[in-house]
Amino acid sequence: MNKKRILIVDDETGITTLTKLTLEKTGQYEVQVENRARCALETAQRFNPDLILLDITMPEIDGAEVATQIKADQKLKATPIVFLTAVVSKYETGDNELRRGGQVFLSKPVNLKTLVTCIEQYTFK
């Protein structure tokens with residue numbers, strides 16, 4: 001079984017470390033972490049993920065700009081992006097995903113079942 005490749009882009013190292021360990025523990029995913037938004041495009045080009053979990057609020061460059069850069073890249077433009085953010089509350093998502101303007105948002109902290117369900121729904125490589 002080929003593991004799905006997940007890139008997590010978030011400036012909070014505690015969140016990326018915990019999410020990486022949690023996903024890898026399932027045995028279904030290979031996870032790469034990038035804590036510097038300005039390096040996200042380069043990391044994505046190198047790693048070639050099946051899906052990107054992307055924080056919205058980060059120093060230097062926000063998640064929307066990172067997503068724009070990724071979608072402008074010929075190799076990565078079809079890669080699904082799920083915004084993993086504290087900007088959208090559990091009240092708004094109800095412990096599921098929220099779609100706004102064609103974008104998918106998951107509220108932090110996200111539980112494993114919700115995260116895995118979302119990853120499986122949006123990865124199709």
Side-chain angles (χ1 to χ4, degrees):
M1 176 176 105
N2 288 343
K3 293 181 180 184
K4 292 185 180 171
R5 299 165 64 89
I6 308 299
L7 173 61
I8 304 169
V9 180
D10 194 314
D11 61 301
E12 296 182 45
T13 58
I15 288 174
T16 55
T17 301
L18 181 60
T19 306
K20 175 181 171 50
L21 291 173
T22 302
L23 286 174
E24 287 180 339
K25 191 174 180 181
T26 70
Q28 298 176 319
Y29 307 104
E30 179 181 347
V31 181
Q32 177 73 43
V33 167
E34 181 55 67
N35 296 116
R36 298 162 299 168
R38 63 181 159 73
C39 298
L41 177 61
E42 181 182 325
T43 301
Q45 289 169 330
R46 227 181 16 257
F47 184 61
N48 193 29
D50 295 305
L51 182 132
I52 299 170
L53 295 173
L54 179 59
D55 188 18
I56 291 177
T57 307
M58 296 181 284
E60 301 172 340
I61 304 172
D62 67 17
E65 178 59 29
V66 172
T68 298
Q69 291 175 3
I70 289 168
K71 293 302 181 182
D73 184 275
Q74 197 63 24
K75 181 179 164 188
L76 298 169
K77 68 181 180 182
T79 305
I81 296 173
V82 174
F83 287 102
L84 188 57
T85 181
V87 173
V88 177
S89 71
K90 292 278 187 200
Y91 175 77
E92 293 168 297
T93 64
D95 205 31
N96 293 307
E97 68 183 51
L98 174 71
R99 293 186 66 83
R100 289 278 195 259
Q103 296 298 317
V104 179
F105 296 85
L106 289 177
S107 179
K108 289 182 196 174
V110 64
N111 71 49
L112 179 61
K113 181 180 176 189
T114 300
L115 184 56
V116 168
T117 299
C118 185
I119 290 170
E120 293 305 313
Q121 180 178 353
Y122 293 104
T123 54
F124 38 80
K125 282 186 180 179

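In what follows, every heavy atom counts, from backbone to side chain, and hydrogens, waters and symmetry copies are set aside. Note that the structure is predicted; figures quoted are calculated from it, not measured.
- Residues L53 and L18 do not share a hydrophobic cluster, clusters being chains of Ile/Leu/Val/Met/Phe/Trp/Tyr side chains in contact below 4.5 Å.
- T19 places no side-chain N or O within donor-acceptor distance of the main-chain N or O of T16, the cut-off being under 3.5 Å.
- Residues Q45 and L76 have side chains in contact (heavy-atom distance under 4.5 Å, counting atoms from C-beta outward).
- Ion pair E120/K4 flagged as a salt bridge, since at least one NZ, NE, NH1 or NH2 atom sits closer than 4.0 Å to an Asp/Glu carboxylate oxygen.
- Note: E65 CD to Q69 CD = 5.0 Å, rounded to the nearest 0.5 Å.
- The backbone N or O of V9 lies less than 3.5 Å from no partner atom in the side chain of D55, so there is not a single donor-acceptor pair.
- Side chain of K71 to main chain of T79: a donor-acceptor pair is present (N/O by atom type, distance under 3.5 Å, no hydrogens or angles).
- Contact between E24 and Y29 at its shortest, heavy atoms only, is CG-O, 3.9 Å.
- Listed by chain and residue number, R38 satisfy the side chain to side chain contact (heavy atoms under 4.5 Å, CB included) test with E60 (two or more places apart in sequence, or in another chain).
- K3 and D50 get closest at one heavy-atom pair: O-OD2, 4.3 Å.
- Looking only at side-chain heavy atoms (C-beta outward), F47 and E34 stay at 4.5 Å or farther from each other.
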### Task
Take D62 and V66 through the test side-chain contact (heavy atoms from CB on, under 4.5 Å) and record every step on the way to the result.
CA-CA 6 Å; D62 67 17; V66 172; over 6 Å; no
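- Contact of the I8 side chain with the I52 side chain is not registered, since no non-hydrogen atoms from C-beta on lie closer than 4.5 Å.
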### Query
Going through the distances and angles, do V31 and R5 end up as a side-chain contact (heavy atoms from CB on, under 4.5 Å)?
CA-CA 6 Å; V31 181; R5 299 165 64 89; over 6 Å; no
### Message
Show, in sequence, the C-alpha distance, side-chain angles and deciding distance for I6 and Q32, and conclude whether the side-chain contact (heavy atoms from CB on, under 4.5 Å) test is met.
### Response
CA-CA 6 Å; I6 308 299; Q32 177 73 43; over 6 Å; no
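- Of all the heavy atoms in A40 and L7, the pair that sits closest is O-CD2, 4.3 Å.
- Considering N111, I119, T117 as possible partners of L115, the one that fulfils the side-chain contact (heavy atoms from CB on, under 4.5 Å) test is I119.
- The shortest distance between side-chain heavy atoms of L41 and I70 falls below 4.5 Å.
- A distance-only check finds no donor-acceptor pair linking the side chain of E12 to the backbone of G14 [under 3.5 Å].
- Counting all heavy atoms, side chain and backbone alike, P59 lies closest to A37 at O-CB, 4.2 Å.
- Checked by atom type and distance alone, the side chain of T114 never pairs as donor or acceptor with a backbone atom of V110 at under 3.5 Å.
- Between the N35 side chain and the D10 main chain, a donor and an acceptor come within less than 3.5 Å of each other.
- For F83 against A67, the heavy-atom pair with the smallest separation is CZ-CB, 3.9 Å.
- Side-chain contact between V82 and L51 is present, with heavy atoms from C-beta onward closer than 4.5 Å.
- Taking 4.5 Å as the limit, some side-chain heavy atom of L23 sits within range of a side-chain heavy atom of V116.
- A44 approaches P49 most closely through the heavy-atom pair O-CD, 3.4 Å.
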